[in-house]
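What follows is one structure encoded as structure tokens, with my remarks underneath.
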Amino acid sequence: MRQFFLILSLFTMICLISYSQKEKSGLEKAIELSGKYPLNDVIALNSTVKINFKKRKNPASPVKIYVTTVNKLLCLDAKTTFYDPFFYNKTQKLHRISVVNKSNEYIRHKIITSIYEREGIFYDDYKVKIVSIDFNKKGDMLTLLSKEEYPDFKYFTSVFFNEYFPVEQKKICIYLPEWLDMEIKELNFEGNNITKSISQHEDYTLLTYSSTDFVKINSAENYQEPAFYLPHLLFACKKVYNMKDTITMFDSLQDMYTWYKQLINEIDNKPYMLIDLVNNLTYNLATDEEKIEAIYYWVQDNIRYIAFEDGLAGYKPSPACEVYMNRYGDCKGMANLVKEMLKIAGFDARLSWIGTRRVAYDYTLPTIATSDHQICTVILDSKHIFLDPTAKYMPVSEHGEYIQGKPVLIEDGINYILDTIPDVDYLSDLHEIKRRCTIKNTDLSGECQHSLHGEFRQWILYFVNYTKTNDRNNMFLKFVNQYSSQGLEIANLKTSDIEDRKAPFRLDYYYTLKNAVFMTGDDIYVNIDIDIDREYTTTLDTTRIAAYLFDFRNWKHTINELLLPEGYKVKYLPDDLTIDNDYYLFSLKYTSDRNKIILEKNIIIKKPSLPADLFSIWNNNIKKFREHTESQIIFTKIKENE
């Protein structure tokens, strides 16, 4: 009997252990995870990416790459529709997208195919398939499978751990064959607790990366590119080892440059079609600088920039003659046209590849992911002059924020030159506002002058020249009003030469701000800071993990002068304020100088991006700054015995 009870107890214990280890149902998991992901209707319990390689006989592209992804999805809410985008172009094949249930039965789903557009840029062969999956109830689990093929190794560049939905558990498995030499760069792993294991097999090495809790990839206004902050792997296929020989792919930057050079060598530019144009532009110009400017500005003004790229394969420029005849082109075509025209004029002009500030990589790893833009470089007296004709109304001596400080790969025959675009600080991009005003009854009335330099000047010149002549006055009024309080009345508005790219752009006018003055008893209350500063005082979402990108580093400097009203003296001046750190400076300073009050205000953006971990500090600082800008000056009537 004792033995019987012992066996029964053991059996009961085994049953309890088995029950406790039983996998939770979908509904139980959904209830458990709903609190963790309150803003998401669907998550992936696990996501597995498998990367396989196949040898090809094509010496130009001896490796074919397959990427298979399996996402086990869980519905956290009631009936809902889940969407997942798949991006592809002619350099890759999307073989299969399927959805199955727990019984491996195929589930009907919708796929919407469209041309991919991002920030107004259309890609002629870059498309997106959006998978639409209907979930019936909370706790439903479905598996989404996809398989991609990259026939050419060059276009397989990276794999991210994050998806467009939250992922509980992620695994990336790389089946690296012994005949392939591949470099894999691990980026942004810090703080993500990613583990890596390596196991050797008969003819391949298995690399497995595992981790948990990945937020979804977000894209929004002023977001930094995911490659700057999300964990991912960057790939460079270097060599393929055969029985008799070794095929070199992108083993070095020189190998990648050789491929770039081969592409541009294939272009039939037909430069004879441009000779008359170049001669007319440079006729009677005495200096090299004048000739370069004439050609560069002509392309800026006469070739319409169409951001119409050829997907990831967009590394071969359109022929210069074609861009000239069509009067439009993308960055590659416009840079190529400038190059050919400068060569006709006798200059040493070369195409150059660069990664804009959207690119997180430099040229330390040979991958085409390092470049997303082309410009032209002129070598004159051993100096490099960088010309980007897509930057409308930018003078020769200046460069847009999006390429400043970035490495640039310059054409140099069979070799290359690696240089860096000059970087400038916020002092070059100045918007200065000077006002002089007086109190007239309950109004502020005076004159104002705007002086715009650098990116500010380039920005306003672009919009002015793309606005119809009859509409320009309204455009200037909108410009003034976006920087000033509502209700501002403008008169006698004048501007400087809208064709001058070099000089600061000037905007002068007289203004009246109605009901800006409050009088009570012997006192007058007035706030002479009539700026809005909306673009610099935005409250940032502290839950997001991506840095906030400003349009560019800049300095907005405002000086407001107010004449003391006759018969009054200063009773109260607001306190000064200075908020200064490595990323920005906000300051307000009030000065009483004889018969006038001077308010000097500075808003300086020192760096082009603000890290997410500083958002709370930013929000507190701009709250303090806004409160100070609302402060009022108090004047009081001078008594007879004073």
Side-chain angles (χ1 to χ4, degrees), residues 222 357 386 388 391-405 421-437 446-465 475-476 478-484 493-509 511 528-538 548-561 576-589 591 598-610 621-622 625 629:
N222 298 98
R357 73 171 183 168
F386 301 108
D388 180 4
K392 299 288 187 180
Y393 302 100
M394 187 73 75
V396 167
S397 58
E398 298 179 16
H399 313 99
E401 173 77 54
Y402 58 94
I403 62 173
Q404 289 179 20
I421 303 293
D423 202 2
V424 298
D425 59 22
Y426 58 85
L427 297 173
S428 299
D429 299 314
L430 169 66
H431 180 188
E432 189 167 46
I433 303 173
K434 294 182 178 180
R435 297 187 182 95
R436 291 174 293 276
C437 63
E447 56 184 0
C448 182
Q449 176 192 103
H450 292 256
S451 180
L452 295 99
H453 306 244
E455 293 265 14
F456 282 115
R457 177 194 57 226
Q458 188 263 345
W459 176 81
I460 196 168
L461 287 179
Y462 176 87
F463 282 102
V464 170
N465 283 277
M475 195 221 83
F476 287 127
K478 289 180 180 179
F479 171 81
V480 170
N481 284 320
Q482 77 172 339
Y483 288 105
S484 307
L493 191 149
K494 298 178 181 178
T495 71
S496 58
D497 183 2
I498 64 171
E499 300 298 329
D500 191 343
R501 291 167 169 81
K502 293 182 178 181
F505 182 79
R506 286 272 303 274
L507 191 65
D508 298 85
Y509 55 87
Y511 71 93
I528 62 174
D529 183 6
I530 66 173
D531 295 329
I532 296 177
D533 302 318
R534 182 182 298 112
E535 71 277 29
Y536 302 113
T537 53
T538 302
Y548 182 88
L549 290 184
F550 297 100
D551 291 335
F552 47 88
R553 290 167 291 187
N554 61 81
W555 177 20
K556 185 181 177 187
H557 184 219
T558 306
I559 299 177
N560 292 332
E561 294 184 2
D576 295 341
L577 173 69
T578 299
I579 300 170
D580 190 9
N581 57 42
D582 291 339
Y583 292 89
Y584 52 86
L585 180 147
F586 299 154
S587 71
L588 294 164
K589 183 179 181 180
T591 305
I598 302 171
L599 167 60
E600 181 177 5
K601 182 169 68 171
N602 290 289
I603 299 177
I604 297 174
I605 304 300
K606 301 179 183 179
K607 295 185 178 181
S609 64
L610 182 68
N621 284 336
I622 63 169
F625 181 68
T629 60

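What you are looking at is a predicted structure, and each value in this text was computed from that prediction instead of being measured.
Rounding to the nearest 0.5 Å gives a distance of 10.0 Å between OH of Tyr393 and CD of Gln458. How far CD1 of Ile528 is from CG of Asn560: 5.5 Å, rounded to the nearest 0.5 Å. Rounded to the nearest 0.5 angstrom, Thr538 OG1 and Ile622 CD1 are separated by 6.5 Å. Between Trp555 atom CH2 and Leu430 atom CG the span is 5.5 Å, to the nearest 0.5 Å. Between the CG atom in Asn465 and the CD1 atom in Ile498 there is a gap of 4.5 Å [rounded to 0.5 Å]. Interatomic distance, CD of Glu499 versus CG of Leu461, reported as 8.5 Å (0.5 Å rounding).
Counted by atom type alone, Gln404 and His399 present zero donor-acceptor pairs between their side chains at under 3.5 Å.
Listed here is the closest heavy atom pair of Thr578 and Ser587: OG1-CB, 4.0 Å. Between His453 and Pro504, the closest heavy-atom pair is CE1-CG, 3.2 Å. Across all their heavy atoms, Arg357 and Asp551 have their closest contact at NH2-O, 3.5 Å. Ile433 and Lys556 make their closest contact through CD1-CE, 3.8 Å (heavy atoms, listed as atom of the first residue, atom of the second, distance). Nearest heavy atoms, Arg457 versus Ala503: CD-O, 3.1 Å. Between Asp429 and Gly454, the shortest heavy-atom distance links the atoms OD1-CA, 3.4 Å.
A 4.5 Å side-chain heavy-atom check between Val464 and Met475 finds at least one atom pair inside the cut-off. Inter-residue side-chain proximity for Tyr584 and Asn621 is flagged as met; some heavy-atom pair is nearer than 4.5 Å. For the pair Glu455/Met394, a side-chain contact is recorded, criterion being any heavy-atom separation below 4.5 Å from C-beta on.
When each of Phe476, Phe479, Phe456 is checked for a ring pair (Phe, Tyr, Trp, His ring centres under 6.0 Å) with His450, only Phe479 meets the rule. Each of Asn602, Ile603, Thr629, Asp576 was evaluated against Leu588; a single residue qualifies, Thr629, per the side-chain contact (heavy atoms from CB on, under 4.5 Å) test.
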**Message:** Determine whether Tyr511 and Ile530 satisfy the following criterion, side-chain contact (heavy atoms from CB on, under 4.5 Å), listing intermediate values before the conclusion.
**Reply:** CA-CA 11 Å; Tyr511 71 93; Ile530 66 173; 4.1 Å; yes
**Request:** Would you check, one step at a time, whether the test salt bridge (Lys or Arg N to Asp or Glu O under 4.0 Å) holds for Lys606 with Asp580?
**Result:** CA-CA 10 Å; Lys606 301 179 183 179; Asp580 190 9; 2.6 Å; yes
**Message:** Checking His557 against Glu600 for the side-chain contact (heavy atoms from CB on, under 4.5 Å) test, could you report, in this order, the C-alpha distance in whole Å, the side-chain angles of both residues, the deciding distance, and whether it holds?
**Reply:** CA-CA 8 Å; His557 184 219; Glu600 181 177 5; 2.8 Å; yes
**Request:** Check step by step if side-chain contact (heavy atoms from CB on, under 4.5 Å) holds for Ile605 and Phe552.
**Result:** CA-CA 8 Å; Ile605 304 300; Phe552 47 88; over 6 Å; no
**Item:** From CA spacing to verdict: side-chain contact (heavy atoms from CB on, under 4.5 Å), Leu577, Phe625
**Value:** CA-CA 8 Å; Leu577 173 69; Phe625 181 68; 4.1 Å; yes
**Message:** Evaluate Arg436 against Glu561 for salt bridge (Lys or Arg N to Asp or Glu O under 4.0 Å), listing each step before the verdict.
**Reply:** CA-CA 5 Å; Arg436 291 174 293 276; Glu561 294 184 2; 5.4 Å; no
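When atom types are taken as modelled, the side chain of Asn554 and the backbone of Tyr426 share no donor-acceptor pair closer than 3.5 angstrom.
Taking the centre and axis of the six-membered ring of Tyr583, the NZ or CZ atom of Lys607 falls inside the cone set by 45° and 6.0 Å.
Using a 4.0 Å cut-off between charged side-chain N and carboxylate O, Arg506 and Asp500 make no salt bridge.
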